[in-house]
Amino acid sequence: MPWSIINLGVLFLAFGLLAGICPCNREQPRFARRELADDALYWFSAIFYADLGGLFLKAAAQTLAPTHSAGLLAAIAAGYGWASHAPLLVQAILILLALDFIQYWLHRLFHGRALWPFHAIHHSAEQVDWTTAYRFHPVNFILYNTGAVTLVKLAGFSPLAFVIIGPFNLVASALVHANLDWTFGPFRYLLASPVFHRWHHVRDPSVRNRNFAPTFPILDVIFGTFYMPKGILPRDYGVEGVPPHFLGQLAYPFVVYAERLGLAPATKAARAAA
Ligand SMILES: [Zn+2]
Ligand SMILES: [Zn+2]
């Protein structure tokens with residue numbers, strides 16, 4: 001835990017200073033953004049959701065193969081087969097590619113009407129910066145993150161390879177949300193940049209439904225969802241109807257579903273999430 005706090009402190013200083021030098025949206029505050037306390041709660045709660053993957057695996061193994069579950073779980077935990085014997089760097093790249101492919105399609109699914117009320121929370125920040133990177137409803141986080149990582153673990157990769165990609169994913173998620181005007185120039189198709197992902201957060205739904213890849217924008221190019229107009233920077237972020245604070249946001253999707261089912265009178269929330 002102390003290391004996590006030190007890492008967060010380093011990110012806070014680094015992205016705050018960089019936002020003063022090359023901001024994407026100069027009008028945004030560099031350090032003390034409103035809703036910062038709510039986003040801090042999302043960061044710390046994400047640590048607990050990530051631990052649920054082991055419980056999912058245990059429950060699945062005990063249900064599907066009750067007599068062999070202990071051996072299966074031990075093999076998955078230690079790595080097995082060809083995947084665990086490849087060089088660690090190759091394993092890390094394969095894990096990132098597999099995760100990106102799964103998360104690209106999960107992300108598109110969350111932009112559909114059925115799951116949007118959960119994902120709208122991630123899009124609710126009107127001032128997008130690195131601190132909003134983990135603003136996810138637990139249902140969204142557990143399916144999109146814990147679920148996808150657990151699925152990739154089934155392939156048998158070494159646990160060390162996941163240790164390598166952990167810090168990479170943390171910094172990459174923070175970076176793509178950072179208030180920076182970085183496009184990565186000719187590498188814009190190779191790695192997701194702050195400008196690439198900030199376009200995904202704009203209020204206009206015709207633009208918001210683009211740029212789904214977490215790390216490799218080439219997936220958006222292949223599947224026809226890439227959007228990064230040259231010479232223009234994104235602005236005007238957020239969605240209608242989502243409450244501004246943590247507890248209201250946790251309840252928000254259930255309020256929308258209750259309204260859709262006619263169990264509660266339709267409000268602005270349901271209309272915005274329709
Ligand atoms: Zn999204
Ligand atoms: Zn985002």
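Remember, it's 1-based here, ligands and their atoms both numbered in the order they're listed.
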- Identify which one of Phe212, Trp116, Phe118 satisfies the side-chain contact (heavy atoms from CB on, under 4.5 Å) criterion when paired with Phe110.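 In the set Phe212, Trp116, Phe118, the residue that makes a side-chain contact (heavy atoms from CB on, under 4.5 Å) with Phe110 is Phe118.
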- Quick one: do the Thr225 and Tyr104 side chains pair a donor with an acceptor below 3.5 Å?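 Tyr104 and Thr225 do have a side-chain donor-acceptor pair below 3.5 Å.
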- Query: Side-chain donor-acceptor pair under 3.5 Å between His122 and His200, yes or no?
  - Reply: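 Short answer, no.
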- Taking the Zn ion (ligand 1) as the reference point, name the nearest N/O/S atom of His111.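 The His111 atom nearest to the Zn ion (ligand 1), restricting to N, O or S, is NE2.
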- Message: Taking 2.8 Å as the distance threshold, tell me the number of protein N/O/S atoms next to the Zn ion (ligand 2).
- Response: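 Under the 2.8 Å cut-off, the count stands at 4.
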- Please determine which of Phe141, Tyr134, Phe136 meets the ring pair (Phe, Tyr, Trp, His ring centres under 6.0 Å) test together with Trp43.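 Answer after filtering Phe141, Tyr134, Phe136: Tyr134.
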- Message: Please check: side-chain N/O of His137 versus main-chain N/O of Leu250, any donor-acceptor pairing under 3.5 Å?
- Response: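 Yes.
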- Message: When you compare the side chain of Pro217 with that of Asn211, does any pair of heavy atoms fall below 4.5 Å?
- Response: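 When only atoms from C-beta onward are counted, Pro217 and Asn211 do not touch, as no gap falls below 4.5 Å.
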